[in-house]
> 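Dropping the structure in here first, questions after.
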Amino acid sequence: MPAKPNRSRFFPVEDFDLDGTLDSGQAFRWKKTARGWEGVIGRRWVCLNAVKGGLQAETARPNAHWAWLAEYLQIEAGGGRRLGSLGYRERMGRFPKDRALQGAVKACPGLRLLRQEPWECLASFILSSTKQIVQIRQIVDTLCERYGEPVPVPTGVEPWNAFPTARSLAKRTEGQLRSCKAGFRAPYLLRSAQLVAAGKPDLGRLSSRPLEEAREALMALPGVGRKIADCALLFSLGFRQVFPVDTWILRALRGLYFPGRNPSPDELRRFADSHFGPEAGFAQQFLFHAIRTGRLEAGVPKTTRRSGKPKGIQETRE
DNA sequence: AACCAGGACACAA
DNA sequence: TTGTGTCATGGT
């Protein structure tokens, strides 16, 4: 069925905000250049551009099929009809109809969830703790530069490397990883790489296991707590119901859903699990991006002490 | 120039 | 269980 292998391909899709999605803190390697959004997926260099009616993709080598890219972007692979938008809107239709989330959705049209390589995603988030997104990118870039395999790029494009495999990182020393500015995360990354390289756990198989088992397996890795495990589950293993609670979301939930109160992170996780439903992770990405880009005011100063009584959330009727 | 960043962990109380 | 200090580095 595939046409003859080609280096470029048009994906008809509506409601895909490429800028927002590739710069929303879920993936850390995309760079906007004069050519477009450049990045590496697996061992392939890719350049993406938003064009009328969809996305235009360019690769370095001809592709017999493009399923790998459709999978990453979470859009339909088929050509011809316009696809990808239906599922998108259907999923948003499963969101709760509260004012805060609906505001975030309206503020971030076309924001999408990607499906990344599990190891790259997990390793990136191990490096994310108490780091700003720009700094995570910097560490990841350095790791790729030093320990990733070169991938083919078109002539005239700067060299790109793949994200280093777990096996590659497992061979390094803690000092080497620290010199990539990984700081206190270096031993976590090293030991996790060694375990993953040994198949403990086999990341590729986690996506077909029950959520709790997959989460438990991830949290057994050094440097992987609840939040980082949840990011890997959501962004790379297909568990769309998982709602990672980080400092941004913590403040957002408190400000938007519990004004005047100060629930614990654990309580907020329980609230999120019961409130946001089967697309909770998708909802989280809207809240996160809306708050982080200043399009939605959480308006709550950070506090460590908790007090106050619960207030009902605001509901808007359809 | 302080303050804080898409946290995890060991260790109190 | 829930609360603290610590970890390394750099942006704002």
Side-chain angles (χ1 to χ4, degrees), chain A residues 20-30 104 108 111 113-114 116 120-143 173-193 195 215-237 239 242-256 262-270 272 276 280-296 298 300-308:
Chain A
T21 299
L22 299 184
D23 193 28
S24 63
Q26 49 179 322
F28 301 99
R29 293 202 68 195
W30 292 98
C108 309
L111 186 64
L113 281 178
L114 303 171
Q116 304 172 54
E120 173 172 349
C121 182
L122 177 63
S124 297
F125 278 101
I126 287 175
L127 296 169
S128 75
S129 71
T130 53
K131 276 295 180 192
Q132 299 180 132
I133 290 175
V134 284
Q135 298 182 21
I136 303 168
R137 283 206 196 90
Q138 185 189 345
I139 302 170
V140 168
D141 277 349
T142 307
L143 282 174
T173 66
E174 181 182 323
Q176 284 179 306
L177 299 186
R178 279 185 187 268
S179 76
C180 298
K181 310 302 179 189
F184 62 81
R185 308 154 196 83
Y188 294 153
L189 180 62
L190 179 60
R191 289 163 54 206
S192 286
L195 286 164
R215 178 184 282 139
E216 190 179 359
L218 289 172
M219 290 180 66
L221 292 167
V224 181
R226 174 62 184 259
K227 190 269 172 180
I228 289 175
D230 282 358
C231 284
L233 291 167
L234 175 62
F235 298 135
S236 72
L237 294 172
F239 292 94
V242 169
F243 189 100
V245 175
D246 70 345
T247 55
W248 287 90
I249 288 293
L250 198 65
R251 276 175 289 187
L253 290 183
R254 284 174 176 162
L256 296 169
N262 205 350
S264 70
D266 202 59
E267 183 181 350
L268 287 171
R269 269 199 302 272
R270 287 195 298 271
F276 291 105
F282 195 20
Q284 186 268 5
Q285 197 62 14
F286 279 99
L287 289 170
F288 178 82
H289 198 245
I291 296 287
R292 196 173 73 86
T293 57
R295 303 175 198 184
L296 193 64
V300 168
K302 36 183 325 185
T303 48
T304 50
R305 293 196 311 198
R306 294 176 289 106
S307 60

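Please read these numbers as outputs of a predicted model, since none were measured by experiment.
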> Would you call A/Glu120 and A/Phe28 a side-chain contact if the rule is heavy atoms closer than 4.5 Å?
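A side-chain contact under 4.5 Å is absent here.
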
> Of the nucleotides B/dG7, B/dC9, C/dA8, which one has an atom closest to the side chain of A/Lys131?
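Per side-chain heavy atoms of A/Lys131, the pick is C/dA8.
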
> Would you kindly give the CG-to-P distance between A/Leu143 and C/dT9, to the nearest whole Å?
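Rounded to whole Å, this separation is 14 Å.
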
> Which of residues 216-228 of chain A sit near DNA chain C, with a heavy atom under 4.0 Å from it?
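Nucleic-acid contacts, sorted: none.
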
> For C/dG5 and B/dC4, measure between their P atoms and round to the nearest Å.
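Nearest-Å result for C/dG5 against B/dC4 at atom P: 14 Å.
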
> Answer yes or no: does a side-chain N or O of A/Arg178 lie under 4.0 Å from OP1 or OP2 of C/dA8?
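For C/dA8, OP1/OP2 do have a side-chain N/O of A/Arg178 under 4.0 Å.
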
> More than 12 heavy atoms of other residues, nucleotides or ligands under 6.0 Å from CD of A/Glu174: yes or no?
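Yes, CD of A/Glu174 has more than 12 neighbouring heavy atoms, counting only those of other groups under 6.0 Å.
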
> Atom CZ of A/Arg215 to atom P of B/dG7: distance rounded to whole Å?
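After rounding, the gap between these two atoms is 17 Å.
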
> Rounded to the nearest angstrom, tell me the gap between atom CZ in A/Arg191 and atom C1' in B/dA8.
11 Å

> Round to the nearest Å and state the distance from A/Leu177 atom CG to C/dA8 atom P.
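Nearest whole value for this atom pair: 14 Å.
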
> Table please: side-chain donor-acceptor pairs of residues 229-236 of chain A below 3.5 Å, with sequence neighbours left out.
from	atom 1	to	atom 2	distance (Å)
A/Asp230	OD1	A/Arg215	NE	2.8
A/Asp230	OD1	A/Arg215	NH2	3.1
A/Asp230	OD1	A/Arg226	NE	3.4
A/Asp230	OD2	A/Arg226	NE	2.8
A/Ser236	OG	A/Ala232	O	2.7

> Would you call A/Ile126 and A/Leu221 a side-chain contact if the rule is heavy atoms closer than 4.5 Å?
no

> Partners of A/Asp23 by side-chain contact (heavy atoms from CB on, under 4.5 Å), sequence neighbours excluded?
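Applying side-chain contact (heavy atoms from CB on, under 4.5 Å) to A/Asp23 gives A/Trp37, A/Arg137.
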
> Check the phosphate of B/dC4 against A/Thr247, side-chain N and O only, distance under 4.0 Å to OP1 or OP2. Yes or no?
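The answer is no; no side-chain N or O of A/Thr247 sits under 4.0 Å from OP1 or OP2.
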
> For A/Thr130 and A/Val134, find the nucleotide of DNA chain C closest to each by heavy atoms; which residue's nucleotide sits nearer the 5' end?
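Residue closer to the 5' terminus by nearest nucleotide: A/Thr130.
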
> Does A/Gln138 or A/Phe184 map to a spot on DNA chain C nearer the 5' end, using the closest nucleotide for each?
A/Phe184

> Just so I know, are the side chains of A/Pro187 and A/Arg178 near enough to count as touching, which here means a heavy-atom distance under 4.5 Å?
yes

> Examine C/dG10: is either OP1 or OP2 under 4.0 Å from a nitrogen or oxygen in the side chain of A/Lys181? Give yes or no.
yes

> Taking only the P atom of each, what is the distance from B/dC3 to C/dT6 in whole angstrom?
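After rounding to an integer number of Å, I get 16 Å for this pair.
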
> Could you check whether the rings of A/Phe276 and A/Phe243 sit parallel, tilted or perpendicular, using 30° and 60° as the cut-offs?
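Rings of A/Phe276 and A/Phe243: parallel, under 30°.
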
